[in-house]
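The structure appears below as structure tokens.
Note that the structure is predicted; figures quoted are calculated from it, not measured. If you read the sequence from its start, that first residue is 1, and numbering goes on from there.
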Amino acid sequence: MKIKYAEPIFVFLLIIVMLFNAVYMSLDAFWYNMEELPTGKFLYSVMSPDGKNTFSLYMVNIEKVNTAIRGEVISVEDNEKIEKRNIYWQVGAKTAIAGWKDENTITINDKEIKLTGEPYDSRNQIELPEHSAKNRTLNNK
């Protein structure tokens, strides 16, 4: 006895799985989660002027591709860790220079990041090389 509806049900389920995978891969490719970054090797920490935040830098070796610098801020109040979050990710960097501008702003490799603002993620930045035609046009104006 052959099941009459087995093949259409199988095709329907296969299409659903393929659509789910396509949506998941699209979301993963275009929206990055800063909290899923690899840990890396500790470089150094810098404490904020008010002593409530510590910014730490880590070098991450991305297998067979490149290196990256990850920066995280740890907020502390009354000697208890309150929040730990990544606010800096730069692919291709091997070193980083960081310093606090004020209690809420840190400068890393000439990028200013506000603790209450958006984190810096080089994967979302479009930087034109200096020798590109568009940069030559912009610099000649």
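- Annotation: side chain of T39 is not in contact with side chain of V60 (no heavy-atom distance under 4.5 Å).
- Separating the OG atom in S48 from the NZ atom in K101 is a distance of 15.5 Å, to the nearest 0.5 Å.
- Within 6.0 Å of CZ in F42 there are more than 12 heavy atoms belonging to other residues, nucleotides or ligands.
- Looking only at side-chain heavy atoms (C-beta outward), S122 and Y120 come within less than 4.5 Å of each other.
- Two residues are said to be in side-chain contact when any heavy atoms from C-beta on lie closer than 4.5 Å; N53 and L115 meet this criterion.
- The distance from atom CD of E112 to atom OG1 of T107, rounded to the nearest 0.5 Å, is 4.5 Å.
- The residues E72 and R70 are annotated as salt-bridged, a charged nitrogen and a carboxylate oxygen being separated by less than 4.0 angstrom.
- Using a 3.5 Å distance cut-off with no hydrogens or angles, the side chains of T67 and K94 do not pair a donor with an acceptor.
- Residue V46 is not grouped with residue Y58 when hydrophobic side chains (ILVMFWY) are merged at heavy-atom distances under 4.5 angstrom, including chains of intermediate members.
- Annotation for I97: atom CD1 does not count as buried by contact number, only 12 or fewer foreign heavy atoms lying within 6.0 Å.
- M59 has its side chain within reach of I69: a pair of non-hydrogen atoms, C-beta onward, lies under 4.5 Å apart.
- Hydrophobic clustering (side-chain heavy atoms under 4.5 Å, transitive across Ile, Leu, Val, Met, Phe, Trp, Tyr) groups I108 together with Y44.
- Considering L37, N109, V73, I106 in turn, N109 is the only one that fulfils the side chain to side chain contact (heavy atoms under 4.5 Å, CB included) rule with Y88.
- Under a hydrophobic-cluster definition in which Ile, Leu, Val, Met, Phe, Trp and Tyr are linked whenever side-chain heavy atoms come within less than 4.5 Å, directly or via other members, V76 and L57 are assigned to different clusters.
- Summarising the geometry, atom CD1 belonging to I74 is positioned 7.0 Å from atom OG belonging to S45; distances are rounded to the nearest 0.5 Å.
- Rounded to the nearest 0.5 Å, atoms CG (N104) and NZ (K114) are 7.0 Å apart.
- By the neighbour-count criterion of 12 heavy atoms within 6.0 Å, atom CZ of F10 is sparsely surrounded, having that number or fewer from other residues, nucleotides or ligands.
- Note that CG of L19 and CD1 of I16 are 6.0 Å apart. Values are rounded to the nearest 0.5 Å.
- In this structure the side chain of P49 reaches within 4.5 angstrom of the side chain of E103, judged on heavy atoms.
- Taking CG of D50 as the start and CH2 of W100 as the end, the distance is 7.5 Å to the nearest 0.5 Å.
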